[in-house]
Amino acid sequence: MTAKYDAIVVGGGHNGLVAAAYLARSGARTVVLEGRHKTGGAATTEAPWPDAPELRVTRLSYVMSLMPPTIINDLDLVRHGYKIYPMGPYYQAFPEGGSIKLYADDAQRNHDEVSKWSKKDADAMPQWDAWLEGLAEVLGPLLLTVPPTIGSRKPRDLADTLRLAWRHRGLDVRTIADVTRLMTMSIADLLDDWFESPQVKGALAVNGVIGTWAGPYEPGTAYVMAHHSIGDVGDGHLGNWGFQEGGMGAVSTAIERAARSHGAEIRTGAPVARVIVENGRARGVVLENGDEIRAQVVVSTVHPRTAFLAHVGAENLPDDFVRDIQHWKSRSGVVKINLALAELPDFTADPGSDLQEHHTGSVEMAPTMEYIERAFQDAREGRPAARPFSDGVIPTAFDKTLTPEGTHIMSLFTQWVPDDWNTEPHTEELEAYADRMIDCYNELAPNLKASILHRDIVGPYQMEHEYGLVGGNIFHGELSLEQLFHMRPAPGYADYRTPVTGLYYGSSATHAGGGVCGIPGWQAATAAITDKKAARRAGQIRKLTRRS
Ligand SMILES: Cc1cc2nc3c(=O)[nH]c(=O)nc-3n(C[C@H](O)[C@H](O)[C@H](O)COP(=O)(O)OP(=O)(O)OC[C@H]3O[C@@H](n4cnc5c(N)ncnc54)[C@H](O)[C@@H]3O)c2cc1C
């Protein structure tokens, strides 16, 4: 059976849906092929407990930040259901007593909170915020920039590199030094330069290790902090992190609606087995059931190993590119623990299980950098963390659509288990790990354990085998220095094009990924549309030349 389209998108995660929406909007007859029974990929809302279908959780990713206004407006996502509740403060209660709250946009309250732990740190906070803002002004717009092919001598590539250098001609020696520090330092060393209080440093280190196979003392984690702190990619004010009403699956649904409104077709339960390559050109795909679907343009948004080694095949790719993809690092050791609660956690430091401000932001288990580091070292030594690190949130503090009145979801993004736990389910050990994680929170909020109605644990094996997140890495590939910008996903191919003509690549493993930002999908579609227009123009010129 052979069907024909102008464009095929492999993978119906949010990036695939964004790519499809833009392709369909450009007039291309577009189909999305998603292997699972539903779209969304890692941006998904599900009801994981069969005996409680009324309880819905944002099962993997849990907060929004980096989606640019350009995409939100182009795709009219608000009309399609995109609705964000800005998050409350960062909150950490301490085992030794007391707590800290950090606000994204309230310098006075930050000063009051940090003063509880160190007057010196409180005074340093405004400069730190200004320093980060200055760096965000440089790094934010870079997220929307197609990385040039650095090192290429082709005139077009040289022009791209020069254009990028020219755009940054205003940067002074100090800013370049700060960017260099950010790109090369560990978050621990960076914070040691700025602050003295272990509590404040623990709080600020969290963003440096999210989704990362690295503790806070590893070089490169300072950049991971920046990636999670930018918040504004330069095409408008983005605000802070926020909860999507209906969970992250509702973001995917909004994009899917936009894609359908432009005529895209979305097929679920349609796993792709391979990309058809003829004479170095992508000509379509073959599904696992043997169906063949033909198109001149294929945009893949699955993990690079799946997209290139499994779907395209090494025989159709240059050797150095194959080697780069084989060496692509996808470790992580993340475990997502979703809890359904009968009541909100009652913290000894801030008593009460009625809804309070500290329930509305992130509810952390990262009391010090040393605590976070220990959790990583356990996993590096081959054991799941004895006392795991967690970035927790309670979206139901705002969102009443997820669970019945009076119940709550507490979503714990936890680290680390050993990096090879993607190869076996490790079910019993994950249960024990979740017990320990809950015990850690229970020390701070003693009603937590008794309030748990249901729990759902998603470890690296399930992430890989059910969601296609190879290695369990949440971004389709680590955000380590050698996998950023012009190296993402491989040198020479960071412009969302691939060695196969007509095959484009737009997963979180490209520049600006990961995260639920849609930029990779948008860029891959833009590259395909641009090439199509250029080919059409070249064809017209050829025709005219022949006639004259
Ligand atoms: C636990 C966890 C927490 C996270 N938290 C956050 C967060 O809070 N905020 C944030 O911004 N980001 C977060 N992230 C990262 C973010 O979710 C991802 O970077 C992003 O969702 C990836 O989107 P994608 O479209 O590139 O890929 P995916 O979402 O992985 O989509 C790829 C799709 O392709 C499908 N597929 C795979 N193989 C095939 C095949 N052969 N044929 C057809 N379809 C196939 C998959 O089923 C999937 O639907 C988190 C991720 C995880 C796992």
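In each ligand, atom 1 is the first atom listed, and ligand 1 is the first ligand listed.
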Applying side chain to side chain contact (heavy atoms under 4.5 Å, CB included) between N338 and each of D456, L60, L412, report the one that passes.
D456
Flag yes if more than 12 heavy atoms outside E428 fall under 6.0 Å of its CD atom; otherwise flag no.
no
Below 4.0 Å from any atom of ligand 1, is there a heavy atom belonging to G41?
yes
Judged by non-hydrogen atoms, does H311 sit under 4.0 Å from ligand 1?
yes
With heavy atoms only and a cut-off of under 4.0 Å, state how V63 meets ligand 1: side chain, backbone, both or neither.
both
Counting heavy atoms only, which part of Y467 comes closer than 4.0 Å to ligand 1: side chain, backbone, both or neither?
backbone
What protein heavy atom is closest to atom 29 (O) of ligand 1, reported as residue, atom name and distance in Å?
A42 N, 2.9 Å
Counting heavy atoms only, which of H14, M248, E288, Q244 is nearest atom 23 (O) of ligand 1?
H14
Which residue and atom name correspond to the protein heavy atom nearest atom 13 (C) of ligand 1, and how close is it?
S61 CB, 3.4 Å
Cut-off 3.5 Å, side chains only: do H476 and S508 have a donor facing an acceptor?
no
Could an N or O of ligand 1 be found under 3.5 Å from any N or O of G514, whether backbone or side chain?
no
May I ask you to decide if the ring planes of F398 and Y85 are parallel, tilted or perpendicular, using 30° and 60° as cut-offs?
parallel
The closest protein heavy-atom partner of atom 25 (O) of ligand 1 is N15 N, 3.0 Å
Name the closest protein heavy atom to atom 36 (N) of ligand 1, giving the residue it belongs to and the distance to 0.1 Å.
V302 CG1, 3.5 Å
Please determine whether any non-hydrogen atom of P271 lies less than 4.0 Å from an atom of ligand 1.
yes
For atom 31 (O) of ligand 1, what's the nearest protein heavy-atom neighbour? Residue, atom name and distance, please.
G13 CA, 3.3 Å
Mind checking whether K336 has an N or O less than 3.5 Å away from an N or O of ligand 1?
no
Any N or O on G468 sitting closer than 3.5 Å to an N or O of ligand 1?
no
Verdict with reasoning, E46 to R56, per salt bridge (charged side-chain N to carboxylate O under 4.0 Å, His left out):
CA-CA 5 Å; E46 298 178 16; R56 297 186 311 134; over 6 Å; no
Working for side chain to side chain contact (heavy atoms under 4.5 Å, CB included), residues W421 and Y461
CA-CA 6 Å; W421 276 30; Y461 182 86; over 6 Å; no
Give me the residue, atom name and distance of the protein heavy atom closest to atom 22 (C) of ligand 1.
S508 OG, 3.1 Å
Just to confirm my output: which protein heavy-atom neighbour is closest to atom 11 (O) of ligand 1, and how far is it?
V516 N, 2.8 Å
